[in-house]
Amino acid sequence: MSCLFCRIAAGEIPASKVFEDADVLAFNDINPQAPTHVLVVPRRHIASLNDLTDEDDQIVGEVVRRAAAIAKTKGISESGFRTVFNTNREAGQTVFHIHLHLIGGRAMHWPPG
Ligand code: AMP
Ligand code: ZN
C-alpha cells in the first residue's frame with residue numbers, strides 16, 4: 001500500500017487524529033496554514049474528485065458534514081472557516097487520496113493564491 005493517507009487510515013503511519021469512525025478519518029495537517037488546519041478523508045481510497053462516481057455521494061456528504069462538525073468543536077463555526085479540495089497539478093494536489101482541508105482560526109483572503 002503506497003498511498004500515504006491509506007497508510008494513515010490503516011494506522012501504519014501516525015497522525016494527530018481529531019476524529020475517526022468506520023468511514024471517515026480527520027487529522028491535523030502536518031504543515032498547518034492556520035490555527036485550525038484539519039484534513040478530513042474517507043478511509044476508502046479515492047484518488048481525486050475526478051474519480052468520484054454516484055456511489056461516492058454518501059461518503060462525500062459524510063466528509064463535508066464532518067468538516068462542519070469539527071469546525072463547530074473548534075469554535076470557528078460562527079467566525080468562519082474555509083474548506084478546500086485541491087485537484088491535480090494547477091490546484092497543487094500533492095496527495096492523491098481525496099482530502100478536505102478545513103482551515104480556520106484567522107481571517108483569510110479571497111481570491112486564493
Ligand atoms: P494537497 O496539497 O491538497 O494534496 O494537501 C496535502 C496535505 O497533506 C498538505 O497540506 C500536507 O501538509 C499534508 N500532509 C502531508 N503529509 C502529511 C502527514 N504525514 N500527516 C498530516 N498531513 C500531511
Ligand atoms: Zn489512499
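Start at 1 and go down the list; that is how both ligands and their atoms are numbered.
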Report, in ascending order of atom number, the atoms of ligand 1 lying under 4.0 Å from any heavy atom of [X].
| X | result |
| --- | --- |
| N31 | 12 (O) |
| H99 | 1 (P), 3 (O), 4 (O), 5 (O), 6 (C) |
| N28 | 21 (C) |
| F5 | 8 (O) |

Pair D56 + R44: basic N to acidic O under 4.0 Å = yes
Short version for L39: what comes under 4.0 Å of ligand 1, heavy atoms counted, is side chain
In this structure, the Zn ion (ligand 2) sits at the vertex of an angle between ND1 of H45 and SG of C3 that rounds to 10° as 110°
Measure the distance from [atom] to every protein heavy atom, then report the residue, atom name and distance (to 0.1 Å) of the closest one.
| atom | value |
| --- | --- |
| atom 21 (C) of ligand 1 | I30 N, 3.4 Å |
| atom 16 (N) of ligand 1 | L4 CD2, 3.4 Å |
| atom 2 (O) of ligand 1 | G92 O, 2.9 Å |
| atom 9 (C) of ligand 1 | D29 OD2, 3.4 Å |
| atom 4 (O) of ligand 1 | T94 N, 2.7 Å |

task = Tell me, yes or no, whether the heavy-atom count around R65 atom CZ, taken from other residues, nucleotides or ligands under 6.0 Å, exceeds 12.
result = no
**OP:** Take L102 and F81 through the test side chain to side chain contact (heavy atoms under 4.5 Å, CB included) and record every step on the way to the result.
**Re:** CA-CA 7 Å; L102 164 63; F81 57 90; 3.4 Å; yes
hydrophobic_cluster_shared for V38 and V63, side chain cutoff 4.5 Å: yes
Scanning both residues in full, the closest heavy-atom pair of A47 with Q93 reads O-NE2, 3.1 Å
All heavy atoms of L100 vs all of V64, minimum pair found to be CD2-CA, 3.9 Å
Exercise for review: Determine, step by step, whether H99 and H97 satisfy the ring-ring contact (aromatic ring centres under 6.0 Å, His included) criterion, reporting the C-alpha distance in whole Å, the side-chain angles of both residues, the deciding distance to 0.1 Å, and the verdict.
Suggested key: CA-CA 6 Å; H99 48 281; H97 177 133; 7.9 Å; no
Contact check, F85 vs ligand 1, heavy-atom distance below 4.0 Å:
no
- Consider ligand 1: state whether an atom of it lies below 4.0 angstrom from any non-hydrogen atom of H101. yes
Exactly one of T73, I70, V40 clears side chain to side chain contact (heavy atoms under 4.5 Å, CB included) with F19, and that residue is I70
- Item | Q33 side chain vs N31 backbone, donor-acceptor pair below 3.5 Å | yes
> Do side-chain atoms of R43 reach the backbone of A9 as a donor and acceptor pair under 3.5 angstrom?
Replying inline: yes
The atom name of the N, O or S atom in H97 nearest to the Zn ion (ligand 2) is ND1
* To do: Ignoring angles and geometry beyond distance, decide whether V95 reaches within less than 3.5 Å of ligand 1 through its nitrogen or oxygen atoms.
  => yes
